[in-house]
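Accompanying notes for the structure given below.
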Amino acid sequence: MPTNIEIKALVHDMTRLKAQVTAISDTAGEHIPQEDIFFHSPHGRLKLRILAPDRGQLIYYDRPDQTGPKQSDYFITNTAEPETLTDVLSRTYGIRGIVRKIRWLYWIGDTRIHLDQVEGLGPFLEFEVVLADGQTIQDGQAIAAELMTLLNIADSDLIDGAYIDLLEQQ
């Protein structure tokens with residue numbers, strides 16, 4: 001199962017942060033509207049990310065709900081029929097909730113940087129440090145900690161759960 005190290009944080013000044021990330025990124029930011037449909041799951045989280053009427057990703061992931069850099073194990077399967085898959089999964093598991101967001105995706109080395117504007121919640125930042133063969137969890141945590149320092153991400157801004165959890169708490 002692929003593994004990455006993640007953090008999620010509340011953003012206070014998206015304009016400043018976007019400029020900082022753009023300055024150090026290996027890529028130009030990619031603008032990606034997303035709708036994530038979360039399904040009830042006995043273990044981990046299961047969501048269908050709809051990117052277009054004919055393009056989606058079924059994503060299962062399991063990670064602890066804790067602040068700070070944390071291990072996330074995941075599977076991603078692409079689909080050309082997200083509407084049909086939504087129907088099957090909603091009948092099987094039931095829909096837990098829907099998260100709509102505008103994402104700006106950047107890459108710094110093997111780390112995905114997400115700047116998200118989440119409907120109903122506001123602006124957030126995510127790091128996903130993709131672990132290569134031979135890299136340890138500690139290596140990934142060190143990379144995430146270094147990026148947090150570089151981008152002035154305070155521990156007090158870290159979020160322990162998923163966007164769906166925050167929406168359910170409202």
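This one's a predicted model, so the numbers in the text were calculated from it and none came from an experiment.
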*Do F124 and L10 have side-chain heavy atoms sitting under 4.5 Å apart?*
yes

*How far apart are the C-alpha atoms of W104 and H31, what are their side-chain angles, what is the distance that settles it, and do they pass the ring pair (Phe, Tyr, Trp, His ring centres under 6.0 Å) test?*
CA-CA 5 Å; W104 285 92; H31 178 258; 5.0 Å; yes

*asked:* Do I159 and Y61 sit in one hydrophobic cluster, given that two such residues count as connected whenever their side-chain heavy atoms are within less than 4.5 Å of each other, even indirectly?
replied: yes

*Common cluster, I5/V21, ILVMFWY with side-chain heavy-atom separation under 4.5 Å*: yes

_Do L58 and T79 make a side-chain contact, defined as non-hydrogen atoms from C-beta onward lying under 4.5 Å apart?_
no

*Do T67 and D160 get their side chains close enough for a donor-acceptor pair, meaning under 3.5 Å?*
no

*asked:* If you compare all heavy atoms of I95 against all heavy atoms of H40, which two are closest, and at what distance to 0.1 Å?
replied: O-NE2, 3.5 Å

*State, with a plain yes or no, whether a side-chain heavy atom of L121 is found less than 4.5 Å away from one of V99.*
no

*Under 4.5 Å between any side-chain heavy atoms of K47 and I164, yes or no?*
no

*Does Q20 reach the side chain of N152, with side-chain heavy atoms less than 4.5 Å apart?*
yes

*Looking only at non-hydrogen atoms, find the nearest pair between Q71 and P64 and report the distance.*
O-CD, 3.3 Å

_Hydrophobic cluster identity match, L46 and I76, side-chain contacts under 4.5 Å_ = no

*Could you tell me whether the side chain of D73 and the main chain of T3 form a donor-acceptor pair under 3.5 Å?*
no

*asked:* Please check: side-chain N/O of Q170 versus main-chain N/O of G120, any donor-acceptor pairing under 3.5 Å?
replied: yes

*With D116, which of R103, R100, K8, K101 fulfils salt bridge (Lys or Arg N to Asp or Glu O under 4.0 Å)?*
R103

*Which atom names give the shortest non-hydrogen contact between L158 and I153, and what distance separates them?*
CD2-CG2, 4.1 Å

*Is a donor on one side and an acceptor on the other found under 3.5 Å between the side chain of D139 and the backbone of T136?*
yes

*Could you pull out all residues at least two apart from H43 that satisfy ring-ring contact (aromatic ring centres under 6.0 Å, His included)?*
none

_Do I108 and Y106 sit in one hydrophobic cluster, given that two such residues count as connected whenever their side-chain heavy atoms are within less than 4.5 Å of each other, even indirectly?_
yes

*G161 to D65 - nearest heavy-atom pair and separation*: CA-OD1, 3.7 Å

_Minimal non-hydrogen separation, S90 against F39, with atom names_ = N-CE2, 3.5 Å

*Main-chain N/O of W107 paired to T27 side chain as donor or acceptor, under 3.5 Å*: yes

*Closest approach of L115 to K18 (non-hydrogen atoms, all atoms of both residues)*: CD1-CA, 3.7 Å

*I113 side chain near L147 side chain, heavy-atom distance below 4.5 Å*: yes

*Is it true that V11 and L166 fall in one hydrophobic cluster, defined by side-chain heavy atoms closer than 4.5 Å?*
no

*Do the side chains of D165 and R45 get nearer than 4.5 Å, heavy atoms only?*
yes

